[in-house]
Amino acid sequence: MTTTTTRTRRRPGRTLLSTLAIVIAAVWAFPVYWMVNSSFQTLGRLRSPEPAWLPFGGDTSPDAYGRVADASFWDAMQLSLTVTLLAVGAGLVFAFLAALAISRFRIRGKTAFIVVILIVQMIPAEALFISQYKMLSGWGLFNTVAGLTLLYLAMILPFTIWMLRGFVAGVPAELEEAAMVDGCSRFRAFFTITFPLLAPGLVASGVYGFLQCWNEITLATVVMDPSNRTIPLWLQGMTTVSNQAIDWPAVMAGATLVAIPVIGLFMFVQSKMTSGMVSGAVKG
Amino acid sequence: MAQAMTDTEAPPGVPATAPPPVRNRRRRPAPYLLLVPALATLLLGLGYPLVRQVAMSFQEFGLAQQFGTADPGWIGFDNYVEILSDPTTWAVIARSVVFCFAAASLTLVIGMGVALLMRSISTVARLILQVSMLAAWATPLIASLTVWNWLFDTRYGVVNWLLVKIGFEGMEGYSWLANPWTFFLVAGVIVVWMSVPFVAFSLYAALTQVPEETLEAAQLDGASRTQRFRHIIVPTIRPVLSIVMLLQIVWDLRVFAQIKYLQGAGGTVSETNLLGTYLYQLGIAQSEYGVASAVAMVMLLLTLGLTFGYVRSLLREERAS
């Protein structure tokens, strides 16, 4: 917090640079704006030669949302939520236990475990999906919630362990030891002292895992039947080329429905993470 | 009292040099049990498929073997020979590597520029820039693909409308996805658009570590803008810069969903395949599991080769701490 306002001098090029920044901001935000904007237009308006710039006035309407939120949307929503929540729930528990083991205990093979976690993160999903597909088919788990959940769980675990390990290591073990000197059991010391301090870390890793599963496309394409789609594949299905007359307002309404909760959640974690980092810095 | 006194002495039969109780506690099997759920999942979800994939890449494994009408025989490096002597594979690898490096370097240059820009603009402008970058970053991949597909739409897309407006009459009704070159241009724009925010925020965070005093001192000593950038800023942010660069290369090598989506929206599959979609086509669509596994191994080795140096340096840090 030492760099508060040391640079308040005005530089001549600053206005120019600020203008450039606004232009770049507009370019980056435009697709997101256009998605929301198009979702409120009528099909006829979107097919007129001049683009419709504003999502209100004229003949805008929220009808597209009614058209898009049909049974297939809710089916996809249910599947996505089930798989994601199962994977994130199990992922947090498993990763938390593992993070505890590697940062609170002296165990043999710790370095080997860390190496494995690191390397596994580098393996592209694309390099494994053939055998994952064959494995699930062989076990009768093709096109099942259990199969997809297993793959998602394995997908988010390495990074979740990596992240939680940092958070656990960030809480000094001396705090627990002090409580144990005062007569707490190791178990109680951990759950009354360390665990509450880890809550932000658990939330952040949980939301991160949630976003990864929610947005996942590759594995969902490979191990699920086209009739049983997660939210991303449901949205993708609306714009395939065989679909001759694409209902663009509905597609954009679908994209908005998929995007807005995620953007909100993302902004939430982002602020949590920054505040966590700041408080960590203040506490030294 | 006497009882308490004896408790602190070493119990009979145990040598006086026995480790203190806390140490002892740490030798119990409990810590290893904590690792079991995570290890079991990783073995099941990633380890087993990996082993199987390696095995399959050395086997004759197609539809006949899948349905049990023929046994998967071991054929050594035949699958590798087959794919590596097929010019299609080389075209796909070359395309993937070129696309990856082009997209990654463009992302890094723009991301660096945005990060530097964030440092030298007014607070309001910086806030606007950060919010818009955050929105682009947070937008789910599939929603981004959908809206970009709409922006580049042949008949009603804003991009074509704008190009016609500023004088490129020939762009009226231009089909971006039908031509492989413009297909990859669109894919590149999407990949760069969605990757820049991460790079910009990471580098901006790293830039706050650059000591202001050193920069000012260098300026007083007559160092130019470029010199200050090269000799003060870059060395300070090097760790972040190298990890961002590495992640970008890894991510841009595996652009499966983006290419698959754009192919579905109108691209010619055979001319626009990158490694991920090529694998999908061979393995899932044509059921050539053995051959596809060999391609997957090539992709895996390519990725591990690119990341080897980074993993090694991280491990060195790990040992040092």
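Letters A, B, ... are given to chains in the order of the sequence lines, protein chains preceding strands, and every chain is numbered from 1.
- Top candidate by heavy-atom pairs under 4.5 Å with chain A, chosen from Lys260(B), Met194(B), Arg155(B), Met133(B), is Met133(B).
- The choice from Leu43(B), Leu44(B), Leu275(B) that makes the most heavy-atom pairs within less than 4.5 Å of chain A is Leu44(B).
- With a 4.5 angstrom heavy-atom cutoff, Leu304(B) touches chain A only via side-chain atoms.
- Rounding to the nearest 0.5 Å gives a distance of 6.0 Å between CD of Gln132(A) and CG of Leu46(B).
- The contact between Ile130(A) and chain B is made by backbone and side chain atoms together, counting heavy-atom distances below 4.5 Å.
- Per-residue counts of heavy-atom pairs under 4.5 Å with chain B were compared for Ala29(A), Gly254(A), Ala95(A); the largest is that of Ala29(A).
- Here Thr146(B) contributes atom OG1 and Leu235(A) contributes atom CG; the two are 4.0 Å apart, rounded to the nearest 0.5 Å.
- Within the 4.5 angstrom heavy-atom criterion, only side-chain atoms of Leu39(B), from C-beta onward, approach chain A.
- Note on ring orientation: taking the six-membered ring where Trp is involved, the planes of Trp137(B) and Phe266(A) are perpendicular (angle over 60°, cut-offs 30° and 60°).
- The candidate from Ile117(A), Leu151(A), Ile24(A), Val27(A) with the greatest count of non-hydrogen atom pairs under 4.5 Å with chain B is Ile24(A).
- Here Phe129(A) and Phe256(B) bring their ring centres to under 6.0 angstrom of each other.
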Report the C-alpha distance between Thr139(B) and Val262(A) in whole Å, list the side-chain angles of each, state the deciding distance to 0.1 Å, and finish with yes or no for side-chain contact (heavy atoms from CB on, under 4.5 Å).
CA-CA 7 Å; Thr139(B) 306; Val262(A) 173; over 6 Å; no
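- Ranked by heavy-atom pairs shorter than 4.5 Å toward chain A, the options Leu145(B), Leu141(B), Leu151(B) are led by Leu151(B).
- Between the NZ atom in Lys134(A) and the CD atom in Gln53(B) there is a gap of 11.0 Å [rounded to 0.5 Å].
- Residue Phe61(B) touches chain A through its side chain alone, counting heavy-atom pairs closer than 4.5 Å.
- Here the CG atom belonging to Leu35(B) is positioned 10.5 Å from the NZ atom belonging to Lys110(A), to the nearest 0.5 angstrom.
- For the set Leu257(A), Val251(A), Thr218(A), Leu153(A), the count of heavy-atom pairs under 4.5 angstrom toward chain B peaks at Thr218(A).
- Among Thr221(A), Asn215(A), Val258(A), Leu128(A), the residue with the largest count of heavy-atom pairs under 4.5 Å with chain B is Leu128(A).
- Closest heavy-atom contact between Ala154(A) and Gly45(B): CB-CA, 3.8 Å.
- Of the atoms belonging to Phe308(B), not a single heavy atom falls under 4.5 Å from chain A.
- Looking at Ile110(B), the atoms closer than 4.5 Å to chain A (heavy atoms on both sides) all sit in the side chain, from C-beta outward.
- Proximity to chain A (any heavy atom under 4.5 Å) is restricted, for Trp148(B), to the side chain, taken from C-beta onward.
- Within the 4.5 angstrom heavy-atom criterion, only side-chain atoms of Leu246(B), from C-beta onward, approach chain A.
- Here the closest heavy-atom approach between residue Arg14(A) and residue Ser122(B) is recorded as NH2-CA, 3.3 Å.
- Options Ser137(A), Ala98(A), Ala99(A) differ in how many heavy-atom pairs under 4.5 Å they form with chain B, and the most are formed by Ala98(A).
- Contacts between Trp193(B) and chain A at a heavy-atom distance below 4.5 Å involve backbone atoms as well as side-chain atoms.
- No close placement of the Tyr156(B) and Trp248(A) rings is indicated, their centers lying 6.0 Å or farther apart.
- Heavy atoms closer than 4.5 Å to chain A are found in the side chain of Leu117(B), but not in its backbone.
- Both the backbone and the side chain of Leu17(A) come within contact range of chain B, each with at least one heavy atom under 4.5 Å from a heavy atom of that chain.
- Note that OH of Tyr133(A) and OH of Tyr289(B) are 4.0 Å apart. Values are rounded to the nearest 0.5 Å.
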